[in-house]
Amino acid sequence: MYEDALSAYRRAGRIAAEVRRQASGLVRPGVLLAEVCEMLEGRIKSLGAQPAFPINVCVDEIAAHDTASVDDNREIPNGSLVKVDIGAHVEGYLVDTAVTISLNRELDHLKEVAEEALRKALRSVRPKVRAGEVGGVIESTIESYGLIPVKNLSGHQISRFTVHTGKSIPNVRTSLGPKLGLGEVYAVEPFVTTADAAGEIEGGSRAEIYRMIKERYLEDRDARELLSSISRDYKTLPFARRWLTRCLEKDRLNDVLNDLISSRCIAQFPVLVERTQKPVAQAEHTVLIRENGCEILTE
Ligand SMILES: [Co+2]
């Protein structure tokens, strides 16, 4: 990897780790979800990076892809299990890291097991290891504590300006799977739920996060201008609906976003919910594959 790419990854990694530590102190019952998102996104910027995607704040059975909506008045609930997922990039070199904050003693073990599964998985990451083998480490660690992984969520390879690319790292043992390569960057992210859960997420009815698929000329002026500012500001990275209220007022924005989805210029990421509504914990780091193992960029 080129030296300037490596230093950009490391810088993004240090910033994301700092923001993750701040997230752990910030998430308390009664705090507005919007405040958590906006404060942490502001912190990424003030530290000299840009958000690689909106801060995700996912409560209890919501596993991924939730963030504050426009005019969101939801509070962090008492007794909940909260995942905060953070993406930061420097010049498009991005990292992805997450932490679970347990506000319920009875759910603390889900957080701890997700972290333990991540630690063990990262010890198995090295050049030429099969993705399925890393998944096996995650699965057997989680099951050794009487919990189960969420099997249809996985870690992912990262490239410049692209959060999910190339190969995946499953959270369960799979036969073989691709080999991880020297110099590649991956987010490894075990998701843990209770043994009586389905251990599967499904797309919910809401979406707050989108990304551009392709830019093209559109007849509608609002749609054309919105798409061009999305392309300029976020390129192919995910963005939040609430980030666009500076462009259009709420109702018009929703209509234009729906038009951009129909014309396949943007795609939405529905909120992902555990199918049996059981609480989900997550731990995540981004790593660079080195000769003898991996460098944790977000430690
Ligand atoms: Co993440």
Side-chain angles (χ1 to χ4, degrees), residues 1-26 37 39-56 64 83-101 114-129 131 134 137-138 154-169 178-190 211 233-239 282-299:
M1 181 178 290
Y2 293 116
E3 203 50 46
D4 51 351
L6 180 57
S7 63
Y9 269 122
R10 284 178 174 157
R11 182 144 181 255
R14 278 194 302 274
I15 290 170
E18 166 75 32
V19 171
R20 189 190 60 229
R21 286 185 281 272
Q22 196 182 1
S24 300
L26 190 60
C37 295
M39 195 171 284
L40 298 178
E41 286 162 5
R43 189 75 182 139
I44 291 171
K45 294 178 194 166
S46 68
L47 290 168
Q50 289 296 319
F53 49 79
I55 292 285
N56 285 209
K83 283 82 58 195
V84 180
D85 199 333
I86 297 148
H89 80 89
V90 172
E91 303 290 331
Y93 298 103
L94 71 94
V95 298
D96 184 352
T97 184
V99 65
T100 297
I101 299 105
E115 288 173 356
E116 176 71 2
L118 177 60
R119 267 193 298 276
K120 290 217 168 132
L122 294 185
R123 273 186 235 141
S124 75
V125 170
R126 59 182 184 277
K128 294 189 182 157
V129 72
V134 181
V137 173
I138 292 172
S154 46
H156 46 94
Q157 197 178 349
I158 287 170
S159 65
R160 196 173 182 201
F161 285 114
T162 310
V163 184
H164 286 243
T165 189
K167 305 168 212 173
S168 294
I169 299 183
K179 288 179 178 171
L180 310 189
L182 181 67
E184 292 174 346
V185 176
Y186 288 90
V188 183
E189 48 179 335
R211 79 180 165 88
D233 296 340
Y234 315 122
K235 300 195 166 55
T236 45
L237 295 172
F239 57 89
Q282 172 197 19
E284 180 179 26
H285 275 309
T286 296
V287 301
L288 167 66
I289 315 279
R290 309 293 302 228
E291 289 77 3
N292 298 315
C294 68
E295 175 179 337
I296 304 174
L297 295 166
T298 48
E299 198 146 47

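What you see is a predicted model, and the numbers here were worked out from it, not measured in a lab. Hydrogens, waters and symmetry mates play no part in the numbers below; they use all other heavy atoms, side chains included.
Side-chain atoms of R43 never come within 3.5 Å of backbone atoms of Q22 as a donor-acceptor pair (strictly under, hydrogens ignored). Of the possible donor and acceptor atoms, none in the side chain of E189 sits under 3.5 Å from a partner among the backbone N and O of Q282. Checking side-chain atoms of S124 against main-chain N and O of V134 turns up no donor-acceptor pair under 3.5 Å. Of the possible polar contacts, none joining the K83 side chain to the A64 backbone as a donor-acceptor pair under 3.5 Å is found.
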> For I15 and V95, what are the C-alpha separation, side-chain angles and deciding distance, and is it a side chain to side chain contact (heavy atoms under 4.5 Å, CB included)?
Replying inline: CA-CA 9 Å; I15 290 170; V95 298; over 6 Å; no
>> Quick one, R14 with E18, criterion salt bridge (charged side-chain N to carboxylate O under 4.0 Å, His left out). Give me CA distance, side-chain angles, the key distance, then yes/no.
In response: CA-CA 6 Å; R14 278 194 302 274; E18 166 75 32; over 6 Å; no
> side chain to side chain contact (heavy atoms under 4.5 Å, CB included) between Y93 and R10: does it pass, once the steps are laid out?
Replying inline: CA-CA 9 Å; Y93 298 103; R10 284 178 174 157; over 6 Å; no
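By the 4.5 Å heavy-atom criterion applied to side chains, V163 and F53 are counted as neighbours. In this structure the side chain of H285 reaches within 4.5 angstrom of the side chain of R20, judged on heavy atoms. You'll find the side chain of K45 reaches within 4.5 Å of the side chain of P51, heavy atoms only. Side chains of L237 and F161 form a contact here, defined as non-hydrogen atoms less than 4.5 Å apart. Within the 4.5 Å cutoff, the side chain of Y186 has heavy atoms near those of the L180 side chain. Within the 4.5 Å cutoff, the side chain of I55 has heavy atoms near those of the I44 side chain. At a threshold of 4.5 Å between non-hydrogen side-chain atoms, the residues L26 and V84 do not count as touching.
The neighbour count for E91 CD, taken as heavy atoms of other residues, nucleotides or ligands under 6.0 Å away, does not exceed 12.
Partner D96 forms a side chain to side chain contact (heavy atoms under 4.5 Å, CB included) with one of T298, I86, I158 and no other, that one being I158.
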